[in-house]
Amino acid sequence: MEHTNKSEILRQGAIIFVFLAVLTGLEFFVAVAIGAVALLAVIALVKVALVMYYYMHIYKLNAQDEQLDRHSFEYKLNTRRLGLWLFLLSDSFVFGGLFVSRFNLLGLTRPDLNQVLGLAVTSVLLLSSFFMNRAESSMAHGDRRGFIIGIVATLILGIGFLAGVLGVEWPNAIKAGVTPSASAAGAIFFMMTGMHAFHVLTGVIFLSIVLRNGSRGIYSPEKHWGVEAAAIYWHFVDVVWIFFYPALYLIGKLI
Amino acid sequence: MKKFLTSALVRGLLWQAIGWLLGALFVTGIRFLMGLNPFDQFFFTEPAWVFGALVGAISFVAGTGAMTDWFKWAKGEETPEHREDPPGWEKYLNVSLDHKVIGIQYTVTALILMCVGGLFAMIFRTELAHSGLQFLTLQEYNTFMSLHGIVMIVGILVGVAGVMNYLVPMMIGADDMSFPRLNAFSFWVVPPAAVLLLSTLALGGFDTGWTGYPPLSVRAPVGMQMFFMGVAVAGWSSILGGLNLIATVLRMRTKGMTAFRMPIFIWAAIATSIITLTATQLIGLAFQLVMFQRLLGMGFFDPAKGGNPILFQHLFWFYSHPAVYVFVLPGLGLISELMPVFVRKPLFGYRFVAMSSLGIALVGFLVWAHHMFTSGMNEYLRVPFMYSTLLVAVPTGVKFFSWIATLWKGKIEAPTPMLFVVGGIVVFLLGGLSGPPNATVATDLHLHDTYWIVGHFHDTMFGGYIFPFFAAIYYWFPKATGKRMNETLGKIHFWLMTPAFLTLTLLMMRVGLLGMRRRVADYDPALGFDNYHLIMTIAGYLIAIAIAIFLYNLYISLRHGETATGNVWNSRSPEWQVPSPMPVHNYDVPFEVVGEPYDYGLPGSAYVRFADGSQSTKH
């Protein structure tokens with residue numbers, strides 16, 4: 001993986017994005033046409049596996065670096081990666097708890113939400129992951145212009161996602177009677193989207209810091225842990241949404 | 001005095017007060033502009049108190065300077081990797097990156113919290129000495145009882161973090177933790193959390209017990225929210241501490257220290273950290289959901305809105321049962337660590353003991369609903385959870401078997417640490433044996449709401465962590481200070497506390513079996529429990545006196561203790577092979593692991609070899 005050149009890496013990122021987009025469309029179709037929950041779960045797991053391997057590079061945790069000096073940058077970089085993944089593992093228990101709570105409270109029913117909007121924000125977040133991967137790969141190959149374009153695109157899409165969920169979806173839902181205090185269904189909907197939006201917001205702040213530092217030339221192809229950490233965190237937020245989207249919009253009968 | 005007033009602790013407290021006030025005023029102002037009622041029973045309204053508490057806690061940590069390096073990194077500045085600590089005592093009141101300083105900060109905080117929690121227990125134990133209400137109101141009783149629970153739990157969590165922080169990097173030959181700044185941050189969120197917990201006293205208290213079950217917790221006074229917030233903030237300490245510890249053990253071990261050549265305590269620390277890293281999030285989530293239910297009327301646990309109160313109990317116990325393994329695993333690890341030193345024999349079945357720690361941690365994730373046999377959850381869940389709970393006895397039994405086999409035909413010495421090790425085993429055995437009746441559905445239905453559970457729980461906590469914690473303090477005190485603790489006072493401490501404690505908990509179990517209900521402020525004199533309760537209260541006071549002797553011993557040994565810079569206990573462990581107290585970055589000369597850790601009594605065997613050729617050949 002380390003020896004492939006830049007255009008190959010970028011092409012790979014694009015191919016994975018196409019796969020993810022097709023799977024998302026398939027997911028929507030399965031939900032509308034068949035409504036098979038098990039199939040939706042399988043599709044979500046495949047999507048998560050693709051993101052974790054090709055975008056988050058989970059295999060880098062398996063670095064064989066026993067022979068390296070403990071105080072070298074390379075060895076510490078691998079330790080930092082481990083620390084970040086442990087944090088994500090911990091964080092996934094919050095989202096897992098919310099996910100399980102949703103099924104405990106609602107079972108196989110769901111609140112009536114705007115399907116077009118749901119698919120739209122999901123696509124926006126997925127596209128932002130594609131640009132994030134592009135930005136990181138560009139930085140790894142010393143292409144600062146590509147990096148800045150990628151990060152800016154990610155930021156715009158991330159803010160677009162927030163605007164879509166907080167600015168359009170929430171008022172819409174409240175108008176439709178799904179409010180935080182009306183029912184447990186409304187409560188869990190606002191809690192899940194709210195907790196996720198909070199993570200998107202922190203990701204946006206993180207990316208802004210990385211953009212500022214990156215445009216001042218602080219990162220290099222060898223040393224850009226800040227960029228990599230922001231990318232892994234951003235993809236993690238996407239992974240969470242890969243589960244939350246079907247859980248909120250697609251699974252079960254309307255209440 | 002000036003050094004104290006300018007220390008990070010005082011700065012943090014000041015910033016917390018300012019942040020709290022500004023946050024509360026902000027919400028009050030917004031409420032005023034929106035035409036909502038800006039003030040309430042406790043001056044500010046509940047949303048104002050909550051938002052202020054959040055801002056205050058963040059302000060505390062920012063005010064201490066524990067996050068300054070991160071802000072600099074965000075601005076793209078480089079910071080030096082190490083920071084010099086000031087000499088003398090003030091480094092303990094300031095932000096330090098040294099794991100030994102942080103370990104001692106944690107330990108002292110833990111002792112303070114435990115004393116506060118113990119004080120609360122003494123207050124309501126005195127009330128219970130006689131039937132009828134003497135000097136507490138019902139709400140006060142409930143608040144003290146609830147605060148005793150949570151302050152002790154946070155105290156033990158902090159104590160666990162203290163011992164692990166101090167010992168783990170030294171034992172594995174690392175110069176510090178993997179992430180020293182994160183380590184400092186993990187400690188510095190504890191004081192604001194403690195302030196939040198104690199602030200409940202001023203805000204109407206809370207009457208739910210430390211479990212905070214809705215719907216009671218939805219109706220309790222504002223103090224309830226401070227309790228939730230305090231636990232959430234303290235939880236971050238636990239989560240990030242666990243993260244740091246796992247990364248440290250996986251990445252910082254010295255050459256030759258393969259998995260099965262680690263000191264046995266490291267296995268326990270890893271098992272504990274796996275739980276704190278993951279499960280802690282769910283108590284945070286459960287409490288957060290109740291906070292939102294109170295603030296915004298969200299109906300998670302409100303059946304009238306389609307919510308489910310049982311869901312709270314599932315989320316809560318998914319952490320809070322494994323949490324007791326967070327307390328006892330390091331304690332049992334300390335017992336296994338210290339015993340071979342005082343028996344001069346290898347630890348029996350090292351690999352099985354190591355695996356039993358992981359086994360308890362992993363099975364611990366599958367047992368939470370045994371707290372809910374009487375809660376009205378689905379009945380078909382009862383039997384699987386009964387069996388998974390009984391399964392915990394297997395790895396725990398492995399540990400007991402190992403201890404007995406280690407003691408067998410050993411040359412047993414009994415200085416104070418060993419007394420606490422053996423005392424811990426005895427007390428934990430009582431706690432362990434009184435467990436299966438609670439795990440079995442048929443008996444638990446009768447025992448669940450009685451003092452039997454209180455006795456069982458206190459035996460597991462004391463035997464599982466408090467006794468080993470005292471053993472660890474007596475044992476590693478010379479390492480930290482270069483002085484020995486007074487042996488006579490230590491023995492008085494042990495021989496006063498242990499019988500008093502056994503009297504207390506065995507009587508708790510007895511009155512429980514006879515029908516004394518737990519959590520209540522009063523009981524019917526016709527039950528005939530007055531004398532039992534009087535004896536229990538006297539035993540409680542004896543324990544308090546024993547703790548006072550211990551604290552005096554700490555003080556007097558620190559001032560006038562016998563100098564002890566060498567290998568006081570003839571240990572093979574690497575930290576004892578260098579003079580005490582430990583240098584700042586631990587080992588000036590690196591070492592390599594060349595043998596098994598616990599081959600006491602085997603002539604010529606060595607555990608570690610230092611690069612300058614010296615070996616640990618104690619046997």
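All values below come from the heavy atoms of this structure, side chains included, with hydrogens, waters and symmetry mates left out. Nothing here was measured: the structure is a model prediction, and the numbers come from that model. We name chains A, B, ... by the order of the sequence lines, and we start the count at 1 in each one.
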Would you check if [X] and [Y] make a side-chain contact, meaning some heavy-atom pair closer than 4.5 Å?
{"X": "A:Phe93", "Y": "B:Phe318", "result": "yes"}
{"X": "B:Lys305", "Y": "A:Ser181", "result": "yes"}
{"X": "B:Arg251", "Y": "A:Asn78", "result": "yes"}

Need one label for [X]: side chain, backbone, both or neither, based on atoms under 4.5 Å from any heavy atom in chain B.
{"X": "A:Leu106", "answer": "neither"}
{"X": "A:Leu82", "answer": "side chain"}
{"X": "A:Tyr75", "answer": "both"}

[X] versus chain A, the contacting section by heavy-atom distance below 4.5 Å:
{"X": "B:Phe301", "answer": "neither"}
{"X": "B:Phe300", "answer": "both"}
{"X": "B:Gln293", "answer": "neither"}
{"X": "B:Asp302", "answer": "neither"}
{"X": "B:Leu315", "answer": "side chain"}
{"X": "B:Ile310", "answer": "neither"}

Exercise. Do A:Glu66 and B:Lys255 sit within salt-bridge range, that is, some charged N less than 4.0 Å from a carboxylate O?
Worked result: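 Salt bridge flag = no for B:Lys255 with A:Glu66.
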
Report the distance from atom [atom1] of [X] to atom [atom2] of [Y], rounding to the nearest 0.5 Å.
{"X": "B:Gln288", "Y": "A:Met195", "atom1": "CD", "atom2": "CE", "value": "4.0 Å"}
{"X": "B:Leu182", "Y": "A:Phe87", "atom1": "CG", "atom2": "CZ", "value": "9.5 Å"}
{"X": "B:Asn308", "Y": "A:Leu105", "atom1": "CG", "atom2": "CG", "value": "6.5 Å"}
{"X": "B:Met298", "Y": "A:Ile188", "atom1": "CE", "atom2": "CD1", "value": "8.0 Å"}
{"X": "A:Thr179", "Y": "B:Leu296", "atom1": "OG1", "atom2": "CG", "value": "10.5 Å"}

Problem set entry | Contact winner vs chain A - B:Thr278, B:Leu250, B:Thr280, B:Leu285, heavy-atom pairs under 4.5 Å |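 Ranked by contacts with chain A, first place is B:Thr278.
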
Exercise. If every non-hydrogen atom of A:Arg216 is compared with every non-hydrogen atom of B:Lys75, which pair is closest and at what distance?
Worked result: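 Reported closest heavy-atom pair: NH2-O, 2.7 Å.
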
Exercise. Which atoms form the tightest heavy-atom contact between B:Gly299 and A:Ala184, and what is the distance?
Worked result: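 Heavy atoms of B:Gly299 and A:Ala184 come nearest at O-CB, 3.7 Å.
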
Exercise. Is the backbone of B:Ala74 close enough, under 3.5 Å, to the side chain of A:Asn213 for a donor and an acceptor to pair up by distance?
Worked result: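 A pair under 3.5 Å: yes.
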
For this session: Check whether any side-chain N or O of A:Ser90 sits under 3.5 Å from a backbone N or O of B:Leu277 as a donor-acceptor pair, and report yes or no.
Result: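 Side chain of A:Ser90 to backbone of B:Leu277, a donor-acceptor pair under 3.5 Å: yes, one is there.
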
Exercise. Around atom CZ of A:Phe198, are there more than 12 heavy atoms of other residues, nucleotides or ligands at under 6.0 Å?
Worked result: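 Not buried by this count: 12 neighbours or fewer within 6.0 Å.
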
Exercise. If you draw a 6.0 Å radius around CZ in B:Phe292, do more than 12 non-hydrogen atoms from other residues or ligands fall strictly inside?
Worked result: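 No, because the 6.0 Å sphere around CZ of B:Phe292 holds 12 heavy atoms or fewer from other groups.
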
